[in-house]
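The structure under discussion appears below in the form of structure tokens.
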There are 2 protein chains.
Amino acid sequence: MPKIVDHHKQKEKLAEAAWRVILREGMERASVRNIAEEAGLSAGSLRHYFSTQSELLAFSMEMVSVRVKERIRGLPFTGEPIADAQLLLWELLPIDEERRAEMAVWLAFTAKALSDPLLQPLKDEIYAEMKLGMVSVIEELFNRYHSTASKEERALEAERLYALLDGLAIHSIMKPAEVDAGVMKSVIKQHINSICRNDPAAGG
Amino acid sequence: MPKIVDHHKQKEKLAEAAWRVILREGMERASVRNIAEEAGLSAGSLRHYFSTQSELLAFSMEMVSVRVKERIRGLPFTGEPIADAQLLLWELLPIDEERRAEMAVWLAFTAKALSDPLLQPLKDEIYAEMKLGMVSVIEELFNRYHSTASKEERALEAERLYALLDGLAIHSIMKPAEVDAGVMKSVIKQHINSICRNDPAAGG
DNA sequence: TTTAATTTAGCACAACTGTATTAAAACATC
DNA sequence: GATGTTTTAATACAGTTGTGCTAAATTAAA
């Protein structure tokens, strides 16, 4: 009896429209009407899928993280700590236009999450997941190249790596010409190299 | 003849009110009316000092950078590279409540600058100044502890240090409990130590 | 074709936005 | 105290915001 429309597909379409608006005009222009128009729908239709603006934005933010996680799951990890670390870290940096856009949108969401209670849980969740990822990267590297390191030193190194990663990403968003893919990759290589300095074969 | 009101003092008062609103309710609530009310003025009076909202925000953003620069100028530098580096880097991190608030406001401005043309020049200017600061820190450290490093390596190290600094600051704003002053200081020490690893006396 | 469920469009509403204009209030000089 | 300039306050306006509600369009099943 009903008109069949893939509910979830429509929500994804709206979330992607939200990304484009945020990317092009900033978060303050991400109104219900603007996003609906970007998606080619009326504001009334949008409201049929998301009853509030916050719901839409939360879904849109979550979709970014889901996409990134899917890509990470598909990475061809080898088991070699340094190669795997580079593979993961590069995936988390804005090294091409698609990832640049993604990261810019993510940044806008994160900034909004600082004052929007509805976005905070997801922000915290992602922070925790990222931190876990960094911890496991450091564990892999240290177990192979720096096994004498203490537990505290490893925790510190994980936070250092995570901060470096986010700092690089933000700088690349702010100054794409100065901090391009080459610079970011070099810095990451340098960092991994300096962590694994006990092994002369490390880095490259 | 005229009522004498310190024009500049009033502008500073409004800029500080803007900080408080942004900190408490986020950038999207930083309307002319809200800021005026926070400062205890009417919106009409505010407009007498800033004819547009962008002007007010730009001034408010600039005031953050001026304050930070003033504090840096007043730092008791000693001439010893490691001590001076720590002194400068800690000053640029949100290590206490005042600096935390300042950094949160700065972050909000930076995020807005990505889509607001009026704020971009200042954002770029500060980025360049910070980068220069990082370059000079690295130069000092390398000239003393790692003088064999190439020009390229030094440039890379400057970007690495800057990214680490901003990443730490953002993480501390996002998760104050996890990334507190102690963690930030330890990470910075660890980083300086790893840069100056040629000298056994380095770090501490 | 009729029926019924679902999606869509459009308008209404109150609140808020930036900006402009205008009149009142405040006060240093004469 | 009167004068004249600056600061302040208040209002107006057009546009946008989020959200609620209603009616029309669409379409699978009977």
Side-chain angles (χ1 to χ4, degrees), chain A residues 1-22 24-61 108-109 111-113 115-119, chain B residues 1-22 24-61 108-109 111-113 115-119:
Chain A
M1 313 146 181
K3 173 178 177 182
I4 288 292
V5 171
D6 189 327
H7 210 77
H8 197 262
K9 271 269 160 57
Q10 286 282 70
K11 288 178 85 171
E12 288 192 339
K13 207 173 84 178
L14 283 163
E16 285 173 14
W19 298 352
R20 290 195 296 275
V21 172
I22 292 168
R24 178 160 25 91
E25 309 175 51
M27 184 61 82
E28 67 276 355
R29 299 300 304 264
S31 68
V32 172
R33 285 171 180 81
N34 286 345
I35 294 173
E37 190 189 11
E38 174 74 29
L41 265 70
S42 73
S45 300
L46 185 152
R47 238 182 89 72
H48 189 256
Y49 297 100
F50 299 101
S51 56
T52 71
Q53 184 191 30
S54 288
E55 234 176 82
L56 163 58
L57 292 180
F59 179 86
S60 190
M61 184 176 181
F109 276 128
K112 191 174 176 60
S115 58
D116 184 337
L118 241 143
L119 301 181
Chain B
M1 314 149 182
K3 173 179 176 180
I4 288 292
V5 172
D6 189 328
H7 212 77
H8 198 261
K9 272 270 162 56
Q10 284 283 68
K11 289 178 85 170
E12 289 192 340
K13 206 172 86 177
L14 283 163
E16 286 173 14
W19 298 352
R20 290 195 296 277
V21 172
I22 292 168
R24 179 163 21 92
E25 310 175 49
M27 184 61 81
E28 67 275 354
R29 301 298 304 267
S31 67
V32 172
R33 284 171 180 80
N34 286 346
I35 294 173
E37 189 188 12
E38 173 75 27
L41 265 70
S42 72
S45 299
L46 184 152
R47 234 184 94 71
H48 189 257
Y49 298 99
F50 299 100
S51 55
T52 71
Q53 184 191 31
S54 288
E55 232 176 81
L56 163 58
L57 292 180
F59 179 86
S60 191
M61 184 174 182
F109 276 129
K112 191 174 175 61
S115 57
D116 184 336
L118 241 143
L119 300 181

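A note on names: the letters A, B, ... follow the listed sequences, proteins ahead of strands, and every chain is numbered from 1.
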task: Write down the atom of B/Ala30, the atom of B/Val21, and the distance for their closest heavy-atom approach.
output: CA-CG1, 3.9 Å
query: Starting at NE2 of B/His48 and ending at P of D/dT5, how long is that distance when rounded to a whole Å?
result: 14 Å
field: Atom-pair distance (CD on B/Glu37; P on D/dT8), nearest Å
entry: 17 Å
query: Rounding to a whole Å, what distance do you find between B/Arg47:CZ and D/dT7:P?
result: 15 Å
task: Could you check how far NE2 of B/His7 sits from P of D/dT6, rounded to whole Å?
output: 11 Å
field: Nucleotide C/dT19, atom P - distance to CD1 of B/Ile35 in whole Å
entry: 11 Å
field: Candidates C/dG18, D/dT7, D/dT17 - which lies nearest the side chain of A/Asn34
entry: D/dT17
field: Separation of atom CD in B/Glu55 from atom P in C/dT19, rounded to whole Å
entry: 9 Å
query: What's the closest nucleotide to the A/Thr52 side chain, out of C/dT7, D/dT19, C/dT19?
result: D/dT19
- prompt: Within this structure, what is the CG-to-P distance between B/Leu56 and C/dG18, rounded to whole angstrom?
  reply: 10 Å
message: The side chain of A/Val32 is closest to which nucleotide in this list: D/dG18, D/dT7, C/dT8?
response: D/dG18
query: Of B/Ala43 and A/Ser45, whose nearest nucleotide on DNA chain C comes first from the 5' end?
result: A/Ser45
Among C/dT7, C/dT19, D/dT8, the one nearest B/Arg33 by side-chain distance: C/dT19
Contact under 4.0 Å: A/Tyr49 side-chain N or O vs C/dT8 OP1/OP2: yes
- request: Would you mind telling me which of A/Lys11, A/His8, A/Gln10 makes a side chain to side chain donor-acceptor pair (under 3.5 Å) with A/Tyr49?
  value: A/Gln10
message: Quick check against the 3.5 Å criterion: does B/Glu37 have a side-chain atom that pairs as donor or acceptor with the backbone of B/Val32?
response: no
task: Specify the separation, in whole Å, of atom CG of B/Leu14 and atom C1' of D/dA9.
output: 14 Å
message: What's B/Ser31 touching, base or sugar-phosphate or nothing? Going by heavy atoms closer than 4.0 Å.
response: sugar-phosphate
field: Straight-line distance of A/Leu14 CG to A/Ser60 OG, nearest 0.5 Å
entry: 9.0 Å
query: Taking atom CG of B/Asn34 and atom CD of B/Glu28, what is their separation to the nearest 0.5 Å?
result: 10.5 Å
message: Taking the nucleotide of DNA chain D with the nearest heavy atom to each, does A/Arg29 or A/Gly44 sit closer to the 5' end?
response: A/Arg29
